[in-house]
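Letters A, B, ... are given to chains in the order of the sequence lines, protein chains preceding strands, and every chain is numbered from 1.
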Protein chains: 2
Amino acid sequence: MSTKDSASIDQLTSALLEQEERVRNLRLQNCQHEELTVEQERLKELHRKLNETLKETGLASAADSDMQKNFPREALEGLLRRRFFIAPSFEIYGGVAGLYDYGPPGTAVMNNIIQLWRQHFVVEENMLELQGTCLTPDVVLRASGHVDKFSDMLVKDVQTGDCFRADHLLKEHLSKIIQDEKTPLEKKEAAESTLALVEEMDLDEMAKQLRHWDVRSPETGNSLTDPYPFNLMFQTSIGPTGLLPGFLRPETAQGIFVNFRRLLDYQGDKLPFACAQIGTAFRNEIAPRSGLLRVREFTQAEIEHFVHPNKKEHPKIEKVSQVRVVLFPRRNQLTASRQTVYMTIQEALEQQIIDNETLGYFIARTQLFALKIGLNSDKIRFRQHLQHEMAHYAKDCWDLEVESSYGWIECAGLADRACYDLQNHSEKSHVDLTAFEVFPEKKQMEVWVAEWNKGLLGKTFRHEAASIIKTVESFSDSEKQNLQKSLETQGSISVSMEGKQYHLSRDMITFKKVTKSVSGQNYYPSVIEPSFGIGRLLYCVWEHNFYIRSGDDEQRAVLSLPAMIAPYKCTVLPLSKNAVFQNLITLVTEKLTSLGIQHKVDESGVSIGKRYARADELGIPLAITIDFDSLKDSSVTLRERDSTKQVRGSIDEMIHQVHLLSNGKAEWNDVVQKHPIWE
Amino acid sequence: MSTKDSASIDQLTSALLEQEERVRNLRLQNCQHEELTVEQERLKELHRKLNETLKETGLASAADSDMQKNFPREALEGLLRRRFFIAPSFEIYGGVAGLYDYGPPGTAVMNNIIQLWRQHFVVEENMLELQGTCLTPDVVLRASGHVDKFSDMLVKDVQTGDCFRADHLLKEHLSKIIQDEKTPLEKKEAAESTLALVEEMDLDEMAKQLRHWDVRSPETGNSLTDPYPFNLMFQTSIGPTGLLPGFLRPETAQGIFVNFRRLLDYQGDKLPFACAQIGTAFRNEIAPRSGLLRVREFTQAEIEHFVHPNKKEHPKIEKVSQVRVVLFPRRNQLTASRQTVYMTIQEALEQQIIDNETLGYFIARTQLFALKIGLNSDKIRFRQHLQHEMAHYAKDCWDLEVESSYGWIECAGLADRACYDLQNHSEKSHVDLTAFEVFPEKKQMEVWVAEWNKGLLGKTFRHEAASIIKTVESFSDSEKQNLQKSLETQGSISVSMEGKQYHLSRDMITFKKVTKSVSGQNYYPSVIEPSFGIGRLLYCVWEHNFYIRSGDDEQRAVLSLPAMIAPYKCTVLPLSKNAVFQNLITLVTEKLTSLGIQHKVDESGVSIGKRYARADELGIPLAITIDFDSLKDSSVTLRERDSTKQVRGSIDEMIHQVHLLSNGKAEWNDVVQKHPIWE
């Protein structure tokens, strides 16, 4: 690439980033539609130019990664089903798209990952944890924005009624045109320009493009309806009256926000603090595909870290400042080389690539967790959201992306959501969800205060008057200001307390702005949210730890799971089905059980080699074999999965080693140091 | 009570039990309605007579238990909310009846109970565990009977539309009449007779009784609609078309049954085996009350133990044969004294009070689990279901009942469900869900076999012919017999394979009964199902472990939770807020964290006594206090919650003791033996 090309790309990128910022700000200001449209067109033009330039320099389409091309996905997925790690739910009835069951080894690995997550985040960081309900009433998800905005664009085949995601169809349609050698150059370029913008299209633009390219129903060739937003939440009705609409939660986060008041109280009113929730979430995907990566019911593990908006330092940042991470910042995603950067958290903070210490701290901790469960460090990166990907209120977002045979997959998201959620719930519920900041010394400040006609109030509301005063006094400054406006325009305001409405007239209350010496103030905390998709992590762990070993006579699959998350830590194998081994089998399993070590006895009649291979498929790291010598001296062999090496020792000593290895307190090398390899 | 009375009661009871059996058998035979009605009337008459006789002898209404009268429930529930063990879900929006969130200490206790359950049942019994989805398509819950039968009787206020459970209203109405001193004796007796039968009423009878007693809407006095069945499942729609109706699972059990084929394969085709599932279930209660005991979303832990119907012996029965349990058999529930019996599992099996060894084994294991999590052995019993309580297919059912301030509460159910579920799913899905039994030696047996016209089949279905043969051959004997009937009457049958239908005509296939020497046969396994309601157990644990301690100047509440399930094992208390303690606090918490011990630092400025009291409320069994002497010699005190006694020793030694105590590997007495009480 020439210096000139490179300079021109950099220039375009800077212009594009600035333009994105401009559009975003206009949206935030709810500016006039016309002005916004003009700026959005300019943004599109910049995208087009950048794409063309990248194409000219031959940098546009990075080749599919090695993993996408060469990973034996069918072999892995065959193993996962055959050994019942997973299966389509309700398979005997033909299954339901997007629903999967975890069988015994899958459930065990899932439980182990959750247990590790809880230890790594909740216990080690001294977080709170709560458990809310999946059923969620309409009002909550209206406040959070999900009822209005949590949707994908859907198109239907006008004849068959089959449903498709509009963006998927458009993308596939354009890709075909681009790949078709007969496509004229001009049309090809136009398709490429459109393809680059699919993610950013609103409903009108999508409708326009579907018509322009004459996209049709893929199997039938029928016409499609115009796209319309399809809400991804599963709806239901709570209670017998049919009058309380509800949804299955699309994320666990809201259950934490609505409990903020109680959590803050539990923490003795001290910030920062974090609360986690692990649980099921539901999304009614229009057309689930990509196997386990896009499902309709899944396990989330989310953290909401509440912090003062101007105090996002983290007390433990020192502990992770030298952790190295692969970052893929916004700017790099638009430049020619699309290069990631490898740097320490400290460097990323110093260079202001990551917005703040708390976000940086969690990125480091997330990386450490990813490595602990067995993801390959060469195949993970943190990608910063482009402006158009972020919700308008978000300050900065990074996704943990993991490379798989499906490409780079978002497995966790780390977002600075500012105070959006707490403020919304506070305004909609009329419950104060602020924290209180004590100033180092008193300050002169302009504040809104209520002035009461307590006589009239007492006459009207009697013993409830005191609670009304308390409730109103707890409102934030901006709420008080708004209430005064209502008093001026409508003559009265209404206050809700424990589900009842109280009407206060202008002769009972007025609000005034006064300058006051105050010792502190209320504020909405910011929220930093690390959010994990456990099922996706698990699938990527399987891919990263799957390999084929050439055996004596055949190819054998191995799931090289770390002992900490393996479904069983150890398999127990008698040399044959001979009854003489029974007592020793019982002895060994009882000892393993008493130490809480998950294990599996394989007494089937097949050869030891075949049984080793079976254990390898299940990801079992260790095998204890009982043979005729064991009957004489109570010694057994211990075999390690990946090296296939063995050592020999007394039952107690070998079980002790299994215990150490499966708790992460020793490695196989330590065992080999103590016990020579046994052939 | 005279001998004569006693004899007459026993006679009536025997007659009643026999009559129940008769009615049950008639139902099973689907006999003519008329005959059934006659026998049901006889049953009612016997109920009436027994009630009258019991009343005459003064034994009818057992007084409310001590717990129901005297337990300070308000104090407990106040504590549970104040310390955020629980809170109504979406409280800031006014809450939703029947939904509760678990706050940090509640979640921790819940997690600990689940972990113990998994260790006690899944790990120690070498069970399988799986994780299915909450979303369940209609077809599955039709096969299980839930779509048709999982309902309560609902009545509506004709004016307001308020909904009520018909049985609750009728019960309350009758109880008021009975308690009213002005009620004439005859009416009172009639009310008592009706009250005794409420649980057994069908829809017609309920409608009749509501009209007869003129039951009205409790708050408004308005008329009520006739009762109608209200299905308790939450309905939703899966996917965007609206054409796939689904429900939230009302129990986790079905997710195991539909996976039976894969589970059996995973077990190497060997029975018996058990599979467990822990997860959320949903029931749209008409009018939830009784706080945490009747909720709309809850955690279940269920086990399905699959076993040959004639081989219900249990290999580990010896290990529990001497466990003593309080049993409340069917017969005793109807006799005058309503006495429970206290006996060993062995005695209960010998006297055929419990139907079989496997059921007995699980009753014993359930009792051991109940005690482990802190239930009081004086307040638990196993009550056998009366005939009318059991589903028609069930062979024997026992509930673990726990005494609480709400009365005796069902916290677990242990049911022998015979082969009902597997057989139903097999018939509805046309997938073979039988196991295969190998005979000790070959037997001459009559079996149904398919005879094929393979030429025609091959011409018609080409490469699919082989799979069709395989599928049909796998059908059970009775299915083959039915298919032959269809061939004879309709000329063809239809076979479903992977969602596709294949029509086979009479000239392709016929089935014949032949006598054959066979080496084994297919059979539907029986299912023994222990099913636990984790939330109910948890609430009862709180009640059984709550007491008020008289402090120096005030009453203080204590939650005396066993260390294994306590939300934190240990609190760490510096003597004051003085900064000199900071290093030692950090040292202690790091050591506790590295051992995975859940703990809580309380650095607030209040007195040590107050902070002990706070820890007592949270159920924290141990407290480490750091004082000025600690700064000199690194010694700390360790205080135990219930005795309020303390010992002193080095930080390492005290933390070691905390570790032992919280894993159940030592008791406080052991600690006191080693370290003298420190005043």
Side-chain angles (χ1 to χ4, degrees), chain A residues 84 87 89-94 96-97 99 101-104 106-108 110 119 123-124 128-137 139-140 154 161 163 230 234-236 238-241 244 248 255 258-259 261-262 265-266 268 280 282 284 286 296-297 425 429 431 498-499 593 596 598 604, chain B residues 84 87 89-94 96-97 99 101-104 106-108 110 119 123-124 128-137 139-140 154 161 163 230 234-236 238-241 244 248 255 258-259 261-262 265-266 268 280 282 284 286 296-297 425 429 431 498-499 593 596 598 604:
Chain A
F84 201 8
S89 303
F90 316 109
E91 197 180 16
I92 61 171
Y93 289 99
V96 176
L99 296 183
D101 288 354
Y102 289 86
T107 300
M110 169 81 93
Q119 178 65 28
V123 176
E124 287 186 29
L128 307 179
E129 182 183 346
L130 68 70
Q131 187 189 326
T133 58
C134 299
L135 290 165
T136 309
V139 61
V140 173
L154 182 150
C163 299
F230 173 76
F234 288 95
Q235 193 165 10
T236 191
I238 305 173
T241 62
L244 183 57
L248 298 181
V258 296
N259 276 303
R261 193 75 258 153
R262 281 188 178 270
D265 174 64
Y266 190 80
T280 311
F282 303 82
N284 198 5
I286 291 172
R296 287 177 166 152
E297 181 172 338
H425 283 301
S429 67
V431 171
E498 294 179 358
T593 302
Q598 295 152 302
S604 60
Chain B
F84 201 9
S89 302
F90 316 109
E91 196 181 14
I92 62 171
Y93 289 99
V96 176
L99 296 182
D101 288 354
Y102 289 86
T107 300
M110 170 82 92
Q119 178 65 29
V123 177
E124 288 187 27
L128 307 179
E129 184 183 346
L130 69 70
Q131 188 188 326
T133 58
C134 299
L135 290 165
T136 309
V139 60
V140 174
L154 181 150
C163 297
F230 173 75
F234 288 95
Q235 194 166 9
T236 191
I238 304 174
T241 62
L244 183 58
L248 298 180
V258 296
N259 277 302
R261 192 75 255 153
R262 281 187 177 273
D265 174 63
Y266 190 80
T280 311
F282 303 82
N284 198 5
I286 291 171
R296 287 176 167 153
E297 182 174 335
H425 282 302
S429 67
V431 171
E498 292 178 2
T593 301
Q598 296 153 302
S604 59

Colleague: Between CG of A:L128 and CZ of B:F84, what distance do you get to the nearest 0.5 Å?
Modeller: 9.0 Å

Colleague: Not counting sequence neighbours, which residues clear salt bridge (Lys or Arg N to Asp or Glu O under 4.0 Å) with A:E297? List them please.
Modeller: none

Colleague: Given that the side chain runs from C-beta out, which part of B:S604 has a heavy atom under 4.5 Å from chain A: side chain, backbone, both or neither?
Modeller: neither

Colleague: If you measure from CG on A:L135 to CZ on B:R296, what distance do you get to the nearest 0.5 Å?
Modeller: 9.0 Å

Colleague: Out of curiosity, A:T241 OG1 to B:F230 CZ, how far, rounded to the nearest 0.5 Å?
Modeller: 8.5 Å

Colleague: Answer with side chain, backbone, both or neither: which region of A:V258 has an atom nearer than 4.5 Å to a non-hydrogen atom of chain B?
Modeller: both

Colleague: What is the minimum heavy-atom distance between A:T107 and B:Q131, and which atoms define it?
Modeller: OG1-N, 3.2 Å

Colleague: Where do B:T133 and A:S89 come nearest, in terms of heavy atoms and distance?
Modeller: CG2-OG, 3.5 Å

Colleague: Of the non-hydrogen atoms in A:G239 and B:N284, which two are nearest, and what is the gap between them?
Modeller: N-OD1, 2.8 Å

Colleague: B:F234 versus chain A, heavy atoms under 4.5 Å apart: side chain, backbone, both or neither?
Modeller: both

Colleague: Output the option from B:D265, B:I286, B:V123 having the highest count of non-hydrogen pairs under 4.5 Å with chain A.
Modeller: B:I286

Colleague: Do the charged groups of A:R262 and B:E91 touch, with an N to O distance under 4.0 Å?
Modeller: yes

Colleague: If I compare all heavy atoms of A:P240 with all of B:L154, which pair ends up nearest, and what's the gap?
Modeller: CB-CD1, 3.5 Å

Colleague: What part of B:Q119 is in contact with chain A, defined as an atom under 4.5 angstrom from a non-hydrogen atom: side chain, backbone, both or neither?
Modeller: side chain

